[in-house]
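Read through the structure below, which is laid out as structure tokens, and then see the notes.
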Amino acid sequence: MYLYADNAATTKMSRTAIEAMLPFLDGVYGNPSSLHSCGQKAKEALEDARDRIARCLNASPREITFTSGGSESDNQAILTAAALGAKKGKRHVVSTAFEHHAVLHTLKKLERQGFAVTLLDVAPNGLVTPEQAAAAIREDTCLVTVMAANNEIGTVQPIVEIGAVCREKGVLFHTDAVQAAGHLPLDAAAQHFDLLSLSAHKFHGPKGCGVLFARRGVTPERLIEGGAQERGRRAGTENVAAAVGMAAALEEAVRDMAPTAARLTALRDRLIDGLRRIPYSALNGDRSARLPGNVNFCFEGIEGESLLLLLDDKGIAASSGSACTSGSLDPSHVLLAIGRPHEVAHGSLRLSLGEDADEAQIDYLIRAVSETVAYLRGMSPLWHDLENGRRPHVLAR
Ligand SMILES: *Cc1c(COP(=O)(O)O)cnc(C)c1O
């Protein structure tokens, strides 16, 4: 059995998206800026993709800018709001401690330029509140940026309420909706966000392609200098095939959203119930305010990396919050932000389900994870100390 349970890292492209792209990889290769008909065909396809993506977000096509992905969109959204703020002498930004690094590292950059940043504390259930956001907004706040759903623990933030607070206080609101797109409703007319980031490869589209939504009146600040593509907001020859694939994938995800979410939520809860039976384990993040396919657990007395490698041998692709794989010994900033101690945060496992998951796969996951955790604990001196009472347990049995 091969079971890909790492859909929060990236997803398999949908057949529909691949087929939509093929004509633009093979036949219609023109540059959308060229005036001949081959170029103009590419231009038409690009604008059609923009229209369709705008419709999925209940936005206007003029509010859609194509980017290279979620990271670029996050950078551009934040730097745009900061530049607009600086013009009015407003140099304060509100965010949260568990954002994606594309947000956190951009905020660090702003701090080096003299901006002040307030990071809201995240509660142990992985949520921030609109009241926290309201209390953090100051006279000189130019931006609030809060992710719609967390990429590690899957918790879904109250972005509708936070957006309403921002609108009332006249502060720009950005949301990194990379994990939410295709899973949760995003509606530019009904919800208040000024800037929003999407990434195609998180909803079965191609990698290296994303969207920055910027509400009418908020003009994205150029990050890349060059030609006048994207109405001067993003230089560089457009990736036409990717934009077309992204539009097809987003339409498909949005069309099937409600039934898919219902089915995945049931499977997710079955997986949570199964893994909870492992002694000294704990679910990370709120049980219900979470993405339909996200399960994230801590297991005491084990290393996340060892668990991942043994699961890989059993044909399971998963992810761990601890960051040894990414070249750092620090455990996940997300798990630390929700108050998990270092030693527990190292033993975390994220399983993010795909639309093709079924009950047999869930039961296989539960069995494989339970056996592997028991096996690793059997070999762990740390676990023996915990069992013999030489060290106190951190998690409840
Ligand atoms: C994946 C991800 C990103 C980065 O998107 P890329 O397209 O890979 O650059 C940003 N934010 C969140 C929440 C993500 O999950």
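Residues take their numbers from the sequence shown, with the count starting at 1. Ligands are counted one by one from 1 in listed order, and the atoms in each one are counted from 1 as well. Not measured: the values here are computed from a predicted model.
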Test Thr96 against every option in Leu127, Val144, Val146 by the side chain to side chain contact (heavy atoms under 4.5 Å, CB included) rule and name the one that passes.
-> Val146

Would you mind reporting whether Arg290 and Ile272 have side-chain heavy atoms less than 4.5 Å apart?
-> yes

Heavy-atom nearest pair, Arg138 first then Ala116, reads NH2-CB, 3.8 Å

Around His342, counting heavy atoms of other residues, nucleotides and ligands shown, do more than 12 lie under 6.0 Å from its NE2?
-> no

Ordered by chain then number, the protein residues lying under 4.0 Å from ligand 1 by heavy atom are Gly69, Gly70, Ser71, Asp74, His100, Met147, Asn151, Asp176, Val178, Gln179, Ser199, His201, Lys202

Audit row: Ser68, Glu72, side-chain hydrogen bond (donor to acceptor under 3.5 Å, both in side chains) steps and yes/no | CA-CA 6 Å; Ser68 69; Glu72 184 182 334; 2.6 Å; yes

Identify, with sequence neighbours excluded, every residue that meets side-chain hydrogen bond (donor to acceptor under 3.5 Å, both in side chains) alongside Lys108.
-> Glu111

